[in-house]
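Here, residue 1 is the first one in the sequence, and each next residue gets the next number. Just so it is clear, the values below take in all heavy atoms, side chains as well, and ignore hydrogens, waters and symmetry mates.
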Amino acid sequence: MVTTHKISAELYDDSFKLIAMHCGLESYAIAYHLNNAIKLRLSRREEKKEDDEDKDEWLESFPIYEWKDELNDHYWTLISNSVKEEKQNESFGIFSNEIAINTLHLVKERKEVDYFLKIEAEDTSLLNEAIKKINLIPKVVTAYSIDVDTLKSKRNLIF
């Protein structure tokens with residue numbers, strides 16, 4: 001008799017902590033302020049080459065900043081929760097040349113959040129320390145921790 005083993009997708013879930021941020025800054029500006037406040041070295045992720053088979057085209061439109069702290073074994077990722085997408089209207093008549101602007105959200109159930117800071121680290125005190133420092137940045141309205149397990153679209157944050 002042959003035994004069948006099933007590999008659950010839950011085994012491959014990355015464990016990470018998530019900080020939600022509300023602010024009106026551009027992605028490069030919030031990355032700069034986070035680098036100064038928390039002493040990170042976030043830099044813009046290079047775009048994937050066209051020959052990459054496993055690339056997510058929709059994810060490429062979101063600005064992603066990352067830093068792998070190899071000394072402390074921490075991985076930091078800053079990503080915008082929303083991005084505006086322009087599409088040419090394909091209708092005829094008076095409004096044929098009009099451009100439609102759609103807003104895409106990375107985490108749809110948290111549309112009010114501007115940016116997420118994802119921290120892959122074992123140290124839980126790191127999260128609270130980072131939140132305190134982020135809330136001291138003048139242009140940040142608020143920053144707080146989000147329980148990742150409550151998010152329906154947490155798979156969008158695994159990249």
Side-chain angles (χ1 to χ4, degrees), residues 5-85 101-159:
H5 296 281
K6 291 185 180 181
I7 298 175
S8 173
E10 292 178 6
L11 292 175
Y12 294 105
D13 275 352
D14 291 339
S15 61
F16 57 89
K17 291 143 190 75
L18 198 62
I19 298 174
M21 293 180 283
H22 298 264
C23 67
L25 295 172
E26 294 290 329
S27 59
Y28 64 88
I30 190 66
Y32 172 80
H33 286 295
L34 290 173
N35 285 343
N36 287 334
I38 310 176
K39 307 299 182 223
L40 303 179
R41 294 186 188 144
L42 294 169
S43 61
R44 182 84 185 243
R45 177 190 275 189
E46 293 180 22
E47 292 183 19
K48 292 184 180 183
K49 296 182 178 86
E50 289 186 28
D51 57 345
D52 280 346
E53 294 175 11
D54 62 336
K55 74 176 185 178
D56 295 321
E57 289 183 25
W58 67 273
L59 188 59
E60 285 184 11
S61 57
F62 290 89
I64 301 173
Y65 292 80
E66 60 188 354
W67 177 49
K68 179 155 179 100
D69 182 4
E70 294 178 2
L71 182 66
N72 297 314
D73 195 30
H74 301 149
Y75 185 67
W76 300 78
T77 309
L78 172 69
I79 188 162
S80 176
N81 189 34
S82 64
V83 67
K84 299 208 184 297
E85 177 184 61
I101 298 175
N102 296 333
T103 302
L104 302 175
H105 292 280
L106 188 66
V107 180
K108 291 179 175 76
E109 60 267 24
R110 295 293 183 132
K111 291 181 181 180
E112 72 279 359
V113 174
D114 296 314
Y115 295 97
F116 290 108
L117 183 62
K118 178 179 155 185
I119 307 168
E120 296 177 38
E122 297 296 322
D123 189 7
T124 56
S125 66
L126 186 67
L127 179 72
N128 294 330
E129 177 98 9
I131 291 172
K132 287 178 188 176
K133 290 179 180 179
I134 293 169
N135 279 321
L136 294 176
I137 297 173
K139 297 282 183 170
V140 173
V141 177
T142 187
Y144 52 90
S145 175
I146 290 182
D147 184 11
V148 178
D149 296 327
T150 63
L151 298 176
K152 292 178 185 175
S153 53
K154 71 179 177 179
R155 290 246 183 240
N156 292 348
L157 295 167
I158 300 173
F159 41 84

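Side-chain N or O atoms of D69 include none that pairs as donor or acceptor with a backbone N or O of H74 at under 3.5 Å. Judged purely by atom type and a 3.5 angstrom limit, N156 has no side-chain atom pairing as donor or acceptor with the backbone of V107. In this structure a side-chain-to-backbone donor-acceptor pair under 3.5 Å is present from D114 to C23.
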Report task. Would you sort out whether M21 and L78 count as a side chain to side chain contact (heavy atoms under 4.5 Å, CB included), showing the intermediate values? Result -> CA-CA 10 Å; M21 293 180 283; L78 172 69; 3.5 Å; yes
Report task. Go through the steps to decide whether I79 and K118 satisfy the test side chain to side chain contact (heavy atoms under 4.5 Å, CB included), and finish with yes or no. Result -> CA-CA 8 Å; I79 188 162; K118 178 179 155 185; over 6 Å; no
Query raised in the report: Should E109 and S153 be marked as a side chain to side chain contact (heavy atoms under 4.5 Å, CB included) after you check the CA-CA gap, both sets of side-chain angles, and the distance that decides it?
Result: CA-CA 8 Å; E109 60 267 24; S153 53; 3.0 Å; yes
Requested in this report: Run the numbers on I158 and F16 for side chain to side chain contact (heavy atoms under 4.5 Å, CB included), then give the verdict.
Outcome: CA-CA 9 Å; I158 300 173; F16 57 89; 3.9 Å; yes
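Contact check for Y28 versus Y65: side-chain heavy atoms found under the 4.5 Å cut-off. When side chains are defined from C-beta on, Y32 does not count as touching L25, because their heavy atoms never get closer than 4.5 Å. Contact annotation: the side chain of W76 approaches that of L126 to within less than 4.5 Å [non-hydrogen atoms, C-beta and beyond].
Within the structure, the salt bridge (charged side-chain N to carboxylate O under 4.0 Å, His left out) test picks out the following pairs touching residues 126-152 (sequence neighbours left out): E129-K133, D149-K154.
Across I134, I30, L18, T77, a single residue satisfies side-chain contact (heavy atoms from CB on, under 4.5 Å) together with L117, and that is I134. With respect to I19, the side-chain contact (heavy atoms from CB on, under 4.5 Å) criterion is satisfied by exactly one of I131, L34, V113: I131.
To the nearest 0.5 angstrom, N128 atom CG is 10.5 Å from K17 atom NZ. Between the CZ atom of R110 and the OG1 atom of T150 there is a distance of 6.0 Å, given to the nearest 0.5 Å. Here CZ of R41 is found 14.5 Å from NZ of K68. Values are rounded to the nearest 0.5 Å. Separation of atoms OG (S43) and CZ (R45) is listed at 10.5 Å; rounding is to 0.5 Å. Within the model, atoms NE2 of H105 and CG of N102 stand 10.5 Å from one another, a figure rounded to the nearest 0.5 Å. Here OH of Y115 is found 7.5 Å from OG of S82. Values are rounded to the nearest 0.5 Å.
Closest of all the heavy-atom pairs between F62 and S80 is CD2-O, 3.3 Å.
Within 6.0 Å of atom CG in D73, 12 or fewer heavy atoms from other residues, nucleotides or ligands are found, so the atom counts as exposed in its surroundings. Other residues, nucleotides and ligands place no more than 12 heavy atoms under 6.0 Å from the CD atom of E70.
Shown here are the side chain to side chain donor-acceptor pair (under 3.5 Å) partners of Y75, two or more places apart in sequence or in another chain: E66. With sequence neighbours excluded, the residues that form a ring pair (Phe, Tyr, Trp, His ring centres under 6.0 Å) with Y144 are H22.
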